[in-house]
Student: 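Following this message is one structure expressed as structure tokens.
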Amino acid sequence: MMTLGSGVAQAATGAEPDVTRGPCGYTATPDDPAARPVKLPPDPRRTPNRGRVDVVLKTNQGNIPLSVDRAQAPCTVQSFLHLVTKKFYDDTTCHRLTAYPTLKVLQCGDPTGTGERGPGYKYKDELPKNLPPAPNDPTGERRTYPRGTLAMANAGPDTNGSQFFLVTADSTLRPNYTVFGTIKPEGLRTLDKIAKTGITPTPEDPAPVDGRPAKPVDISRAKKGC
């Protein structure tokens, strides 16, 4: 792992840089400011691209241990660990549980709990190349994101920020979402418990398959290590 040359492109006034100078090119989004104050991640000239790092999400429903993979998505992992270190994910809630037949995920990472905010910056996709084709997909475009996958949510190409999703069962998606790690067995057990509680019903939809978890999933702390 190398961390040489972490310079960023500073504005002439000495203000916060708009974009980092390294290969990840983390770019400020003034039209979508940070849900919590946080600087752009370090962007060394040689992004660390080897090894795995353990992270645990401590939630009121149980721990969700993760393993993030620098080789798989170095810029994504660099950003995720930066946000973990800066406590961006502490005292947040996972705002979305999905239980479609072909898509079962828990989505987290927005401190406002609305699914509309992020860290005030964006960065490029690092899309997966080796996901298996989705069964019974006549287009051949969709892939299987296996149970236990950790991936980034986005709002279109190259709009990664802080929101991520945890795959609770094999799910079918176009390969437009960066995979950057896996969920450990203890975390899957916690996610199974969360999935069983279901999704909050509404007057319009008494049996929803997409919405807020019926029992809140609150992350009290995200930290590196087990």
Side-chain angles (χ1 to χ4, degrees), residues 35-36 38 52-69 73 76-77 79-119 144-154 160-173 177-226:
R36 285 180 175 170
V38 66
R52 288 179 170 268
V53 181
D54 290 336
V55 172
V56 62
L57 307 178
K58 293 186 170 293
T59 86
N60 60 326
Q61 302 295 338
N63 287 347
I64 305 177
L66 312 171
S67 176
V68 297
D69 186 351
T76 302
V77 171
S79 171
F80 184 74
L81 294 178
H82 169 71
L83 294 174
V84 167
T85 301
K86 298 303 180 183
K87 304 184 184 303
F88 188 85
Y89 295 123
D90 291 5
D91 299 316
T92 63
T93 191
C94 296
H95 61 274
R96 184 181 184 191
L97 181 64
T98 302
Y100 292 106
T102 57
L103 180 64
K104 299 181 187 296
V105 304
L106 177 69
Q107 189 167 330
C108 315
D110 172 8
T112 71
T114 64
E116 298 178 358
R117 299 289 298 279
T144 297
Y145 280 66
R147 169 177 163 85
T149 296
L150 173 64
M152 290 301 296
N154 63 52
N160 301 286
S162 60
Q163 292 188 43
F164 58 91
F165 62 90
L166 306 145
V167 181
T168 62
D170 289 0
S171 295
T172 299
L173 289 165
Y177 303 91
T178 297
V179 173
F180 68 103
T182 55
I183 306 160
K184 294 188 176 185
E186 180 188 353
L188 288 172
R189 290 192 292 271
T190 298
L191 289 169
D192 289 341
K193 181 176 73 172
I194 293 166
K196 285 180 180 178
T197 66
I199 297 161
T200 302
T202 65
E204 297 78 20
D205 189 354
V209 292
D210 187 16
R212 288 190 172 277
K215 289 187 176 179
V217 182
D218 298 326
I219 299 172
S220 59
R221 188 181 178 195
K223 71 182 189 75
K224 292 198 288 186
C226 299

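Bear in mind that the values here come from a model prediction, so they are computed numbers and not experimental data. Counting from 1, the numbers follow the sequence of the chain as shown.
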Student: Report yes or no: does T149 contribute a side-chain atom to a donor-acceptor pair with the main-chain N or O of P146 at less than 3.5 Å?
Tutor: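 Confirmed, T149 side chain pairs with P146 backbone.
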Student: Answer yes or no: is there a donor N or O on one side and an acceptor on the other, between the side chain of Y145 and the main chain of A151, under 3.5 Å?
Tutor: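 Looks like no, no N/O pair under 3.5 Å.
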Student: Does F80 offer a backbone N or O that forms a donor-acceptor pair with the side chain of Y89 under 3.5 Å?
Tutor: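 Side chain of Y89 to backbone of F80: no pair is present.
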Student: Quick check: do C108 and I219 have side-chain heavy atoms less than 4.5 Å from each other?
Tutor: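 Yes, close enough: below the 4.5 Å cut-off.
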Student: Within the distance-only criterion (no hydrogens, no angle test), does the side chain of N63 pair as donor or acceptor with the backbone N or O of E186 below 3.5 angstrom?
Tutor: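 Not confirmed, N63 side chain does not pair with E186 backbone.
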Student: Answer whether the closest heavy-atom distance between the side chains of T98 and Q107 falls below 4.5 Å.
Tutor: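 T98 vs Q107: side chains apart.
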Student: Donor-acceptor check, side chain of T182 to backbone of G148, threshold 3.5 angstrom: yes or no?
Tutor: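 It does not hold such a pair.
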Student: Taking C-beta and beyond as the side chain, do L166 and L150 meet within less than 4.5 Å on heavy atoms?
Tutor: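 They are in side-chain contact.
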Student: Looking at side-chain heavy atoms only, is the closest gap between D69 and V77 below 4.5 Å?
Tutor: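 Sidechains of V77 and D69: no contact.
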Student: For the residue pair F88 and T92, what are the closest heavy atoms and their distance?
Tutor: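 Shortest heavy-atom separation between F88 and T92 comes out as O-CG2, 3.7 Å.
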Student: If you look at every heavy atom in G62 and T190, which pair is closest and at what distance?
Tutor: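 Here G62 and T190 meet closest at O-CG2, 3.6 Å.
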Student: Which heavy atom in T200 sits nearest to a heavy atom in A214, and how many Å separate them?
Tutor: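 Scanning both residues, the minimum pair turns out to be OG1-CA, 3.4 Å.
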Student: Would you compute the distance between atom SG of C94 and atom CD of Q61 and round it to the nearest 0.5 angstrom?
Tutor: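 Reported to 0.5 Å precision, the distance equals 10.0 Å.
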Student: Which value, rounded to the nearest 0.5 Å, describes the distance between T172 atom OG1 and K104 atom NZ?
Tutor: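 Result: 11.0 Å between the selected atoms.
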Student: Can you tell me if R147 uses its side chain to pair, donor with acceptor, with the backbone of D170 under 3.5 Å?
Tutor: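 Between the backbone of D170 and the side chain of R147 there is no qualifying donor-acceptor contact (under 3.5 Å).
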Student: Answer yes or no: is there a side-chain heavy-atom contact under 4.5 Å between K184 and S67?
Tutor: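 Yes - at least one pair of side-chain heavy atoms lies under 4.5 Å apart.
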Student: Kindly give the heavy-atom pair with the smallest separation between G161 and S79, and that separation in Å.
Tutor: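 Smallest heavy-atom distance, with atoms named: O-OG, 4.1 Å.
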Student: Quick one: CD on E116 to CD on Q163, what's the gap to the nearest 0.5 Å?
Tutor: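 Going from CD on E116 over to CD on Q163, the span is 9.0 Å.
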Student: Which residue pairs pass the side-chain hydrogen bond (donor to acceptor under 3.5 Å, both in side chains) test with at least one member in residues 214-226, sequence neighbours excluded?
Tutor: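 Those involving residues 214-226 are T93-D218.
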Student: If I take atom CD1 from residue I194 and atom CG from residue L188, how far apart are they, to the nearest 0.5 angstrom?
Tutor: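 Those atoms lie 11.0 Å apart.
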Student: Quick check: closest heavy atoms across L191 and I183, and the distance to 0.1 Å?
Tutor: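 Closest approach of L191 to I183: CD1-CD1, 3.7 Å.
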Student: Does R96 come within less than 4.0 Å of D110, counting only side-chain N to carboxylate O?
Tutor: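 Salt bridge: no.
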Student: Say you draw a straight line from CG of L106 to CD1 of I64; how long is it, rounded to the nearest 0.5 Å?
Tutor: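 Result: 6.5 Å between the selected atoms.
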Student: Please report the shortest heavy-atom distance between P119 and L83, naming the atom on each side.
Tutor: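 For P119 versus L83, the nearest heavy atoms are CB-CD2, 4.1 Å.
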Student: By salt bridge (Lys or Arg N to Asp or Glu O under 4.0 Å), which residues pair with D90, not counting sequence neighbours?
Tutor: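 Listed in chain order: nothing, the list is empty.
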Student: Do F164 and M152 come within less than 4.5 Å of each other through their side chains, counting heavy atoms only?
Tutor: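 A side-chain contact exists here, since the closest heavy-atom pair is under 4.5 Å.
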Student: Given side chains that start at C-beta, do those of H82 and V38 come closer than 4.5 Å, heavy atoms only?
Tutor: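 In short, these two side chains touch, coming nearer than 4.5 Å.
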